[in-house]
2 protein chains.
Amino acid sequence: MTGETRPRKRDATATRAAILASAREVFARSGYDGAGLREIAAGAGVTAMLVRRYFGDKERLFAEAIAAANSAPIIATQSVLKGEHPGAAIAEALVQLTAPGAKPLDGFLILLNSASSVRAAQIGRKVIESAPQKTVAALLEGENVEQRAALILSLVAGFQMMRQAIGLGALADSDPRVLEDLLTPLFERLVKES
Amino acid sequence: MTGETRPRKRDATATRAAILASAREVFARSGYDGAGLREIAAGAGVTAMLVRRYFGDKERLFAEAIAAANSAPIIATQSVLKGEHPGAAIAEALVQLTAPGAKPLDGFLILLNSASSVRAAQIGRKVIESAPQKTVAALLEGENVEQRAALILSLVAGFQMMRQAIGLGALADSDPRVLEDLLTPLFERLVKES
DNA sequence: CAGGAAAGTCTACAGCCGTAGAGTTATAGG
DNA sequence: CCTATAACTCTACGGCTGTAGACTTTCCTG
């Protein structure tokens, strides 16, 4: 699904990147347990054994996929939090990125869909504590920055799950403006020191 | 794990209830795909074939388990929302029910851990829209009640995922009072008309 | 242009899954 | 006490999973 149809010349780094991209997509859609190595491989136009060859085992691949998936959104979060009205900016970005037809925000979606797998949850906890939470917390001021950062991520993840994974009608079919207006004061409250 | 060790007399309704209880537990822990019929059966001191005999197929069992799991928390939610300070009451209940050692709130946990399974997500959406969201929405006043109800559920689910399923340190190891104080204004804002 | 290393594939193996129907055992009613 | 019926189990199938090592093809270098 990554678009490559021609056989692609033998290029280790490009193949590796293609596998990683496919892994992010499949893990985001099906979760850790639901994703099959053969399916990921097919998405990159490759066999499952090559995946093993590049990433060792499934856990290793998952850890890399989740790390890669989280790097991009974090950069966005960073710039958003530095603005004038961070709460509104987060709300707008979140509503826009989780729009029904939009390409899933794989960063959290991977974690979210993999929470039921014990191994995946452990890996996910380490990744999320070392990257997104830390980054958000660094931009907050006042007391309980870690807890507030964790709650921001909780709201983002919960909203994303209900809107994208579950597809709750009240969130998926509503006017985005309404959702933004409801979310803004919540984020605002968490960003500003309590 | 439901405690029954003796063979239990042949009692169809009791056996059915035992299977359902085991199903809630296993689905909550492992999600739809991760849960095995044999594991659920073993938890009820029974074979997998009997599960099939009582509930038809896995989808049917899942639908019943999720419906049963949601009925209890909804009743609690109802009484909580009728009180004087509903936001604080929800926050307190949520923090208490998701405490690290506590028995999981299987209602949302089942959905949450099963979101990656397409079939489970569809079943889950129907169940959640027909029961919890509807119930919460019915207790709200003002505009956008459906959206606000959905956001309440999103925050509850996200918090639960980050605290119980992922085990984020900032939420799992913090003073419950701090978490309650941070969550209260968020719920308060969603409960009262915007 | 040849050779060797790197890139990629083939076949296979246990182990689990949901499903299926035939077979067995305990319980209740006459 | 005996029997009919409901409750329950046994064995098995096909399909999927992650993993494994041996094999083949392509490309770069000398």
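This one's a predicted model, so the numbers in the text were calculated from it and none came from an experiment. By convention in this document, chain letters (A, B, ...) are assigned in the order of the sequence lines, proteins followed by strands, and residues within each chain are numbered from 1.
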*asked:* Quick one, Val191(B) and Ile90(B) - any side-chain contact, counting heavy atoms below 4.5 Å?
replied: yes
*Tell me: CE of Met49(B) to C1' of dC13(D), nearest whole Å?*
11 Å
*5′-ward residue of the pair Tyr32(B)/Arg53(A) relative to DNA chain C*: Arg53(A)
_Nearest to the side chain of Ala12(A), heavy atoms from C-beta on, is which of dT9(C), dA7(C), dG18(C)?_
dA7(C)
*Report the C-alpha distance between Gln160(B) and Gln164(B) in whole Å, list the side-chain angles of each, state the deciding distance to 0.1 Å, and finish with yes or no for side-chain hydrogen bond (donor to acceptor under 3.5 Å, both in side chains).*
CA-CA 5 Å; Gln160(B) 189 179 3; Gln164(B) 283 196 321; 3.2 Å; yes
*Find the distance Leu50(A):CG to dA6(C):P and express it as a whole number of Å.*
15 Å
*Integer-rounded Å distance: dA12(C) C1' and Arg52(A) CZ*: 14 Å
*Taking every non-hydrogen atom, the tightest pair across Ala170(A) and Gln147(B)*: O-CG, 3.5 Å
*Is any side-chain nitrogen or oxygen of Thr15(B) closer than 4.0 Å to OP1 or OP2 of dA7(D)?*
no
*Check the distance between dC8(D)'s C1' and Ile19(B)'s CD1 and give it to me in whole angstrom.*
10 Å
*Whichever of Thr47(A) and Arg38(A) has its nearest DNA chain C nucleotide further upstream toward 5'*: Thr47(A)
*5'-most by nearest nucleotide on DNA chain D - Glu39(A) or Tyr54(B)*: Tyr54(B)
*Measure from CD on Glu59(B) to C1' on dC17(C) and round the result to the nearest Å.*
15 Å
*asked:* As a quick check of understanding, evaluate side-chain contact (heavy atoms from CB on, under 4.5 Å) for Leu190(B) and Leu186(A), giving each step before the final call.
replied: CA-CA 9 Å; Leu190(B) 288 170; Leu186(A) 306 182; 4.0 Å; yes
*Quickly work out the Phe55(A) CZ to dG8(C) C1' distance and round it to whole Å.*
15 Å
*asked:* Walk me through whether Arg29(A) and Val26(A) qualify under side-chain contact (heavy atoms from CB on, under 4.5 Å).
replied: CA-CA 5 Å; Arg29(A) 190 185 337 117; Val26(A) 178; 4.2 Å; yes
*Identify whether any heavy atom of Ala35(A) sits under 4.0 Å from a base atom; if not, whether one sits that close to sugar-phosphate; answer base, sugar-phosphate or nothing.*
sugar-phosphate
*Can you say whether the rings of Phe62(A) and Phe27(A) are parallel (under 30°), tilted (30 to 60°) or perpendicular (over 60°)?*
perpendicular
*Does Arg60(B) pair with Glu64(B) as a salt bridge, N-O distance under 4.0 Å?*
no
_Gap between atoms CZ and C1', on Arg10(B) and dT24(C) respectively (whole Å)_ = 9 Å
*Taking atom P of dG18(D) as reference, at what distance in whole Å does atom CZ of Phe62(A) sit?*
13 Å
*Which dot-bracket string fits DNA chain D when only Watson-Crick or G-U wobble pairs with both atom distances under 3.5 Å count, crossing pairs get [ ], and | stands for a partner on a different strand?*
||||||||||||||||||||||||||||||
